[in-house]
Colleague: 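Pasting a structure below so you can have a look.
Numbered from 1 within each chain, the chains take letters A, B, ... in sequence-line order.
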There are 2 protein chains.
Amino acid sequence: MSANALPYRHHNHDACIADALADAKAICQRQNARLTAVRERVLELIWQSHRPLGAYDILGMLAADGHNAAPPTVYRALDFLQQHGLVHRIASLNAFIGCTHAGTRHQGMFLICHSCGNVLELSAPEVSDAIDVASADVGFQPDHVTVEVSGLCPECPAPNGALQNGPSHE
Amino acid sequence: MSANALPYRHHNHDACIADALADAKAICQRQNARLTAVRERVLELIWQSHRPLGAYDILGMLAADGHNAAPPTVYRALDFLQQHGLVHRIASLNAFIGCTHAGTRHQGMFLICHSCGNVLELSAPEVSDAIDVASADVGFQPDHVTVEVSGLCPECPAPNGALQNGPSHE
DNA sequence: CGAGAATTTGAAACATTATAACATTCTCTT
DNA sequence: AAGAGAATGTTATAATGTTTCAAATTCTCG
Ligand SMILES: [Zn+2]
Ligand SMILES: [Zn+2]
Ligand SMILES: [Zn+2]
Ligand SMILES: [Zn+2]
């Protein structure tokens with residue numbers, strides 16, 4: 001369940017998917033929730049993609065499966081998966097991505113590369129803490145927090161003349 | 001331009017609006033940008049509302065003005081206003097709100113009350129800093145940051161038995 | 001097992017949000 | 001006044017998300 005790893009390169013994605021599905025099954029069992037066929041398939045499709053998938057992308061893939069699904073089918077599956085902490089919705093993209101910290105208490109922060117489209121979910125307690133402090137300062141009770149950072153990932157070449165600040169990987 | 005004030009109560013909202021419009025004029029002049037009639041009216045409508053407005057809300061209000069506008073008119077105005085830092089889009093609401101820090105360099109954080117619908121924009125450097133650090137740790141170059149916190153504002157009664165953590169105002 | 005309750009899925013229609021493409025009008029400069 | 005660029009109008013369409021009710025499935029309990 002490799003939390004905070006850098007999944008940008010060199011990983012066996014099939015294993016990723018298998019792990020995620022196995023985790024999901026365990027989590028649902030623990031919660032007495034039913035990971036039905038559609039739900040599992042949607043989760044699998046989401047994990048198969050490195051990039052966040054839109055609901056209608058998923059719908060199209062289900063259609064390719066031969067499953068003649070309508071939008072509510074997908075949205076219901078996504079709601080279920082979100083509710084059980086198996087996927088996240090990226091509000092700035094209207095898209096969904098598998099949670100890389102499923103089963104653990106975390107407040108995700110999403111790093112979205114606008115060059116390659118990859119998204120990395122980090123668990124960043126310092127960020128959550130800062131948000132909690134700032135909220136408390138004005139008497140606000142946080143309930144759900146969205147942190148989405150769009151930018152350039154370390155795998156992508158800096159556009160023309162700009163400096164790349166990350167550690168060099170080669 | 002009351003930055004980080006608590007606009008929840010007791011303020012002269014007409015003055016708010018007038019100030020915001022005056023600021024907007026100045027900012028546009030400085031940037032050689034044209035705050036045309038539609039753009040100004042859209043900005044005014046947004047400021048008149050305490051709560052974020054959807055593009056189609058604005059469209060309806062323009063219609064009430066007698067202005068027979070189509071969606072692109074509104075979206076173009078909103079694009080302009082965003083580009084010049086006069087409004088923000090709240091991704092989790094698909095809605096727009098006036099920037100309370102226009103003209104200053106800031107990274108907004110939005111506190112969205114799901115009870116009353118009010119939104120407070122904070123400039124929270126500690127949050128931005130934490131996000132920058134977490135990003136840099138993994139070699140990611142942030143470009144645009146979305147921080148949206150949904151919860152309960154200090155004006156709204158805590159639902160049933162829950163404790164209200166904010167400073168009591170009465 | 002088998003009836004009834006609850007959950008899940010199917011299906012059709014609809015609602016909301018956002019954009020594409022091209023014509024026209026306006027504004028500023030020369 | 002002419003021309004260039006910016007802004008707006010207009011029509012159509014795409015993309016995203018919801019409501020509603022019916023049918024099927026699964027669970028519970030006697
Ligand atoms: Zn997560
Ligand atoms: Zn990238
Ligand atoms: Zn702002
Ligand atoms: Zn409130």
Colleague: With no hydrogens and no angle check, do the side chains of B/Glu121 and B/His106 hold a donor and an acceptor under 3.5 Å apart?
Modeller: yes
Colleague: Starting the side chain at C-beta, find the nucleotide from C/dT9, D/dG17, C/dG10 nearest to A/Arg89.
Modeller: D/dG17
Colleague: Near A/Gln82 CD, under 6.0 Å, is it more than 12 heavy atoms from other residues, nucleotides or ligands?
Modeller: yes
Colleague: Rounding to a whole Å, what distance do you find between A/Leu93:CG and C/dT17:C1'?
Modeller: 16 Å
Colleague: Looking at A/Gln31, I'd like to know if its CD atom is crowded, meaning that more than 12 non-hydrogen atoms belonging to other residues, nucleotides or ligands lie closer than 6.0 Å.
Modeller: yes
Colleague: Base, sugar-phosphate, or nothing: which does B/Arg39 touch, judged by heavy atoms less than 4.0 Å apart?
Modeller: sugar-phosphate
Colleague: Nearest to the side chain of B/Tyr75, heavy atoms from C-beta on, is which of C/dT19, D/dG17, D/dG9?
Modeller: C/dT19
Colleague: Taking atom C1' of D/dA6 as reference, at what distance in whole Å does atom CD of B/Gln31 sit?
Modeller: 17 Å
Colleague: With heavy atoms under 4.0 Å as the rule, sort A/Arg34 into base, sugar-phosphate or nothing.
Modeller: sugar-phosphate
Colleague: Rounded to the nearest angstrom, tell me the gap between atom CZ in A/Phe96 and atom P in D/dA15.
Modeller: 17 Å
Colleague: If I take atom CG in residue A/Asn32 and atom P in nucleotide C/dT8, what distance separates them, rounded to the nearest angstrom?
Modeller: 11 Å
Colleague: In terms of side-chain heavy atoms of B/Pro72, which of C/dA12, C/dT9, D/dT10 is nearest?
Modeller: D/dT10
Colleague: Which of these nucleotides, C/dT9, C/dA21, C/dA18, is closest to any side-chain atom of B/Arg76?
Modeller: C/dA21
Colleague: Whole angstroms only, please: what is the CG-P distance between A/Leu59 and D/dA15?
Modeller: 13 Å
Colleague: Rounded to the nearest Å, what distance is computed from the CG atom of residue B/Leu35 to the C1' atom of nucleotide D/dT8?
Modeller: 15 Å
Colleague: For A/His88 together with A/Phe110, are the ring centres under 6.0 Å from each other?
Modeller: yes
Colleague: Please report, rounded to the nearest Å, how far the P atom of C/dT16 is from the CD1 atom of B/Ile58.
Modeller: 16 Å
Colleague: If you assign A/Ala69 and B/Asn94 each to the DNA chain C nucleotide with the nearest heavy atom, which residue ends up on the more 5' nucleotide?
Modeller: A/Ala69
Colleague: Do any side-chain nitrogens or oxygens of B/His67 fall under 4.0 Å of OP1 or OP2 in D/dT8?
Modeller: no
Colleague: Nearest heavy atom decides the nucleotide; on that basis, is A/Ala55 or B/Thr73 closer to the 5' end of DNA chain D?
Modeller: B/Thr73
Colleague: Give me the ring orientation class for A/His50 and A/His13: parallel if the planes are under 30° apart, tilted from 30 to 60°, perpendicular past 60°.
Modeller: tilted
Colleague: Between the base of D/dA14 and the side chain of A/Tyr56, is there a donor-acceptor distance below 3.5 Å?
Modeller: no
Colleague: Within this structure, what is the CG-to-P distance between B/Leu78 and D/dA7, rounded to whole angstrom?
Modeller: 15 Å
Colleague: Does C/dC26 have its OP1 or OP2 closer than 4.0 Å to a side-chain nitrogen or oxygen of B/Thr36?
Modeller: no
